[in-house]
Trainee: 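Please find one structure pasted underneath; my questions will follow.
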Amino acid sequence: MSQEITHGTAPPETEQPDEEGKLSRRRFLVSGTMAAGLLASAGVATSFAWQFVYPAAAKVSTVQVLATSLSRLSPGSRLTRNLEGNEIILVNQDGHIRAFSTICPHLGCRVAWQENQQRFFCPCHSGTFDADGKVVSGPPPRPLDEFAVEVKGGSVYVTVPKAEGGA
């Protein structure tokens with residue numbers, strides 16, 4: 001019969017609940033600190049995930065530019081202008097002035113107005129838009145961009161994105 005004898009070593013100390021079943025103060029503080037760290041980490045991870053899924057919209061600087069005089073845009077007519085690097089088509093729809101981008105939202109090709117068919121046409125992939133800039137057919141995912149128009153004192157002003165590097 002062999003007996004194991006240990007000299008000079010005490011059994012390892014394990015934290016035991018006190019007589020009422022409560023954890024020691026040290027164990028409670030360690031557990032609380034770990035829980036707080038875990039919650040903080042989860043908050044940071046959630047913040048990064050939120051920014052990835054819902055990125056902030058880019059802020060685009062705009063400028064209001066004189067496009068033409070109202071007398072040069074009679075009802076039913078269209079004018080193409082380059083304003084701050086943005087080619088637009090001004091349309092007078094029975095006294096209501098509208099400004100559309102000539103850039104197709106599909107791949108950035110230039111659209112052109114086809115008078116005989118009363119539509120905008122993108123030659124790259126045969127995308128078509130009606131007179132209001134809405135998609136009629138083809139691959140464009142959304143309507144043509146439309147810019148804000150203001151008529152002041154017989155002049156037509158259009159609010160467009162400011163050219164990069166502009167003051």
Side-chain angles (χ1 to χ4, degrees), residues 28-167:
F28 175 76
L29 290 173
V30 167
S31 296
T33 303
M34 288 174 53
L38 182 62
L39 284 173
S41 297
V44 169
T46 301
S47 172
F48 280 115
W50 186 264
Q51 290 175 6
F52 179 74
V53 174
Y54 300 104
K59 294 182 180 179
V60 178
S61 296
T62 59
V63 62
Q64 191 175 58
V65 180
L66 174 63
T68 189
S69 66
L70 190 55
S71 62
R72 297 189 70 202
L73 193 59
S74 59
S77 67
R78 288 170 172 66
L79 289 174
T80 302
R81 293 283 186 261
N82 189 317
L83 306 176
E84 292 285 316
N86 302 280
E87 188 174 290
I88 64 159
I89 296 177
L90 288 164
V91 180
N92 185 337
Q93 295 175 334
D94 297 321
H96 180 68
I97 312 297
R98 298 177 75 184
F100 296 101
S101 172
T102 62
I103 303 296
C104 179
H106 177 229
L107 290 177
C109 298
R110 295 265 182 216
V111 299
W113 176 254
Q114 293 181 327
E115 187 66 38
N116 58 341
Q117 296 178 342
Q118 294 292 297
R119 68 178 188 177
F120 294 99
F121 179 73
C122 178
C124 292
H125 297 101
S126 299
T128 58
F129 304 85
D130 65 12
D132 292 324
K134 295 177 187 161
V135 178
V136 174
S137 67
R142 59 184 172 78
L144 292 174
D145 290 336
E146 187 171 358
F147 302 112
V149 174
E150 187 175 356
V151 178
K152 295 190 270 188
S155 297
V156 178
Y157 293 87
V158 180
T159 302
V160 294
K162 191 181 285 188
E164 287 188 27

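Bear in mind that the values here come from a model prediction, so they are computed numbers and not experimental data. The first residue of the sequence shown is numbered 1, and numbering continues consecutively from there.
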Trainee: Just to verify, what does Leu70 make a side-chain contact (heavy atoms from CB on, under 4.5 Å) with, not counting sequence neighbours?
Mentor: Ile97, Val151, Val156
Trainee: Under the side chain to side chain donor-acceptor pair (under 3.5 Å) rule, collect the residues that match up with Arg78, sequence neighbours excluded.
Mentor: none
Trainee: Provide the full list of disulfide (SG to SG under 2.5 Å) pairs with a residue in residues 49-103, sequence neighbours left out, each pair given once.
Mentor: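 Listed once each, the pairs would be none.
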Trainee: If the condition is side-chain contact (heavy atoms from CB on, under 4.5 Å), which residues does Glu150 pass it with, not counting sequence neighbours?
Mentor: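 side-chain contact (heavy atoms from CB on, under 4.5 Å) list for Glu150, sorted by chain: Gln64, Lys152.
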Trainee: Just to verify, what does Ser101 make a side chain to side chain donor-acceptor pair (under 3.5 Å) with, not counting sequence neighbours?
Mentor: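 Expected list: none.
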Trainee: Which pairs, with at least one residue in residues 93-108 and sequence neighbours excluded, count as a salt bridge (charged side-chain N to carboxylate O under 4.0 Å, His left out)?
Mentor: Arg98-Asp132, Arg98-Glu146
Trainee: Considering only heavy atoms from C-beta outward, does the side chain of Arg81 approach that of Thr68 to under 4.5 Å?
Mentor: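 Of all side-chain heavy-atom pairs linking Thr68 with Arg81, at least one is under 4.5 Å.
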Trainee: What pairs meet the disulfide (SG to SG under 2.5 Å) rule with one or both residues in residues 60-122, with sequence neighbours excluded?
Mentor: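 Sorted result for residues 60-122: Cys109-Cys124.
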Trainee: Provide the full list of ring-ring contact (aromatic ring centres under 6.0 Å, His included) pairs with a residue in residues 101-125, sequence neighbours left out, each pair given once.
Mentor: Phe100-Phe120, His106-His125, Trp113-Phe120
Trainee: Restricting to side chain to side chain donor-acceptor pair (under 3.5 Å), what partner residues turn up for Ser61, sequence neighbours left out?
Mentor: none
Trainee: For residues 67-95, which residue pairs qualify under ring-ring contact (aromatic ring centres under 6.0 Å, His included), counting only residues two or more places apart or in two chains?
Mentor: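 Non-adjacent pairs meeting ring-ring contact (aromatic ring centres under 6.0 Å, His included): zero.
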Trainee: Do you know which two heavy atoms are closest between Ala67 and Leu83, and how far apart they sit?
Mentor: CB-CD1, 3.9 Å
Trainee: Taking only residues two or more places apart in sequence, or in another chain, which ones meet Asp145 in a side chain to side chain donor-acceptor pair (under 3.5 Å)?
Mentor: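 Applying side chain to side chain donor-acceptor pair (under 3.5 Å) to Asp145 gives Arg142.
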Trainee: Mind checking whether Ile103 and Glu87 have side chains closer than 4.5 Å, heavy atoms only?
Mentor: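 Of all side-chain heavy-atom pairs linking Glu87 with Ile103, none is under 4.5 Å.
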Trainee: Only pairs under 3.5 Å count here: list side-chain donor-acceptor contacts from residues 28-38, not counting sequence neighbours, and write none if there are none.
Mentor:
| unit_1 | atom_1 | unit_2 | atom_2 | d |
| --- | --- | --- | --- | --- |
| Ser31 | OG | Arg27 | O | 3.0 |
| Thr33 | OG1 | Leu29 | O | 2.8 |

